[in-house]
Colleague: 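Here you go, one structure.
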Amino acid sequence: MKTITVLVGSLRKDSVNRTFAQALEKLAADKFRFVFPDLGAVPHYNEDLWQDLPQSVSTLKRQIEEGDGVLFVTPEYNRTFAPLLANAIAWASRPYGKSSFMNKPGAVIGTSPGAIGAAAGQMHLRALLPVVGVIQLGQPEVYLQWKPGIVDADLAFTDATTREFLTKFINAFDTFIDRTALDEAA
Ligand SMILES: Cc1cc2nc3c(=O)[nH]c(=O)nc-3n(C[C@H](O)[C@H](O)[C@H](O)COP(=O)(O)O)c2cc1C
């Protein structure tokens, strides 16, 4: 069982990205245990706060470091990724040389009611992650258009094709984490 730190870029109570992450957690229950850091508790990035580091930040860094992998789940805002994620990533990437993401296997997914399924937002995030040390899964990309009923009240994906596709993603991420660990050990 692998522990995946899941960073969801929305604080909204009815966030489709959070629901997506929770449904994926259920689909991946035989492989992954998801940990959801409280990104809403993390203050806006301010260099001065390192003098007396807020506990929310040290907890975030620890949760990322302890995980076997990190999953970024982003809404698309104005064709880029969510500012909540930008803030969390800034904190976790510092102090310089001590990024919590260093050599961590990571993957990006996201959903939007729009037809491109947060693809543009994800691309910006994918460009950023190597800078902070994430070793990134390339395929499969997950651009999910969120439609009413895509997930039922028990957080199960209702469509078999979607379920199959997301199972492929889960298996690919699982294998990728194993491969990255082997590379690190070598
Ligand atoms: C500031 C803002 C910008 C947005 N820009 C986009 C966009 O570029 N593309 C898109 O598909 N949806 C866009 N949306 C709609 C979001 O995809 C939609 O609100 C979605 O439900 C947000 O994710 P969440 O439900 O997880 O909070 C935008 C929403 C907001 C609030």
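Keep in mind the model is a prediction, meaning the values are calculated, not measured. Numbering of ligands and ligand atoms starts at 1, following listing order.
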Colleague: Using a strict cut-off of 4.0 Å, indicate which atoms of ligand 1 neighbour a heavy atom of Pro75.
Modeller: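 Under 4.0 Å from Pro75, ligand 1 has these atoms: 22 (C), 23 (O).
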Colleague: Using a strict cut-off of 4.0 Å, indicate which atoms of ligand 1 neighbour a heavy atom of Asn78.
Modeller: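 Listed by number with element, the hits are 3 (C), 4 (C), 5 (N), 6 (C), 7 (C), 8 (O).
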Colleague: Same cluster or not: Leu155 versus Val73, using hydrophobic residues (I, L, V, M, F, W, Y) connected whenever any side-chain heavy atoms lie under 4.5 Å apart?
Modeller: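 Yes, same cluster.
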Colleague: How far is atom 26 (O) of ligand 1 from the closest protein heavy atom, and which atom is that?
Modeller: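 Looking only at protein heavy atoms, the one closest to atom 26 (O) of ligand 1 is Ser15 OG, 2.6 Å.
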Colleague: Would you check the N or O atoms of Arg18, main chain and side chain alike, for any that come under 3.5 Å of an N or O of ligand 1?
Modeller: no
Colleague: Might you work through the salt bridge (charged side-chain N to carboxylate O under 4.0 Å, His left out) test for Lys26 and Asp154, ending with a clear yes or no?
Modeller: CA-CA 9 Å; Lys26 192 168 176 181; Asp154 295 324; 5.3 Å; no
Colleague: Hey, are the side chains of Leu85 and Leu39 touching, using non-hydrogen atoms and a 4.5 Å cut-off?
Modeller: yes
Colleague: Which of these passes side chain to side chain contact (heavy atoms under 4.5 Å, CB included) with Leu7: Thr74, Leu71, Val70?
Modeller: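 The side chain to side chain contact (heavy atoms under 4.5 Å, CB included) with Leu7 is passed solely by Val70 among Thr74, Leu71, Val70.
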Colleague: Counting only heavy atoms closer than 4.0 Å, does ligand 1 sit against the backbone of Arg12, its side chain, both, or neither?
Modeller: side chain
Colleague: Among all protein non-hydrogen atoms, which one is nearest to atom 20 (C) of ligand 1, and what is the separation to 0.1 Å?
Modeller: Pro113 CD, 3.8 Å
Colleague: Counting only heavy atoms closer than 4.0 Å, does ligand 1 sit against the backbone of Ser10, its side chain, both, or neither?
Modeller: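 The answer is the side chain.
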Colleague: Check whether any side-chain heavy atom of Leu144 lies under 4.5 Å from a side-chain heavy atom of Ile150, and answer yes or no.
Modeller: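 SC-SC contact between Leu144 and Ile150 confirmed.
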Colleague: Give me the residue, atom name and distance of the protein heavy atom closest to atom 15 (C) of ligand 1.
Modeller: Glu76 O, 4.3 Å
Colleague: Provide the number and element of each atom of ligand 1 under 4.0 Å from a heavy atom of Ser112.
Modeller: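 It comes down to these atoms of ligand 1: 10 (C), 11 (O), 12 (N), 17 (O).
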Colleague: Could you check atom 8 (O) of ligand 1 against the protein and tell me its nearest heavy-atom contact, residue, atom and distance included?
Modeller: Arg79 N, 2.9 Å
Colleague: What atoms of ligand 1 come within less than 4.0 Å of a heavy atom belonging to Asn17?
Modeller: 23 (O), 24 (P), 26 (O)
Colleague: Considering only residues two or more places apart or on different chains, which pairs with a residue in residues 90-132 satisfy ring pair (Phe, Tyr, Trp, His ring centres under 6.0 Å)?
Modeller: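 Residue pairs with at least one partner in residues 90-132: Tyr45-Trp91, Trp50-Trp91, Phe72-Phe101.
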Colleague: Among all protein heavy atoms, pick the one closest to atom 31 (C) of ligand 1 and tell me residue, atom and distance.
Modeller: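 Checked against all protein heavy atoms, atom 31 (C) of ligand 1 sits closest to Tyr77 CE2, 3.9 Å.
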Colleague: Less than 4.0 Å from atom 17 (O) of ligand 1, is there any heavy atom belonging to the protein?
Modeller: yes
Colleague: Determine whether more than 12 heavy atoms belonging to other residues, nucleotides or ligands lie under 6.0 Å from atom CD of Glu184.
Modeller: yes
Colleague: State which residues pass side chain to side chain donor-acceptor pair (under 3.5 Å) with Arg79; sequence neighbours excluded, sorted by chain then number.
Modeller: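 For Arg79, the residues satisfying side chain to side chain donor-acceptor pair (under 3.5 Å) (neighbours in sequence not counted) are Glu76.
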Colleague: Determine whether Lys104 and Met102 make a side-chain contact, defined as any pair of heavy atoms from C-beta on separated by less than 4.5 Å.
Modeller: no
Colleague: Please indicate whether any nitrogen or oxygen in Thr111 is less than 3.5 Å from any nitrogen or oxygen in ligand 1.
Modeller: no
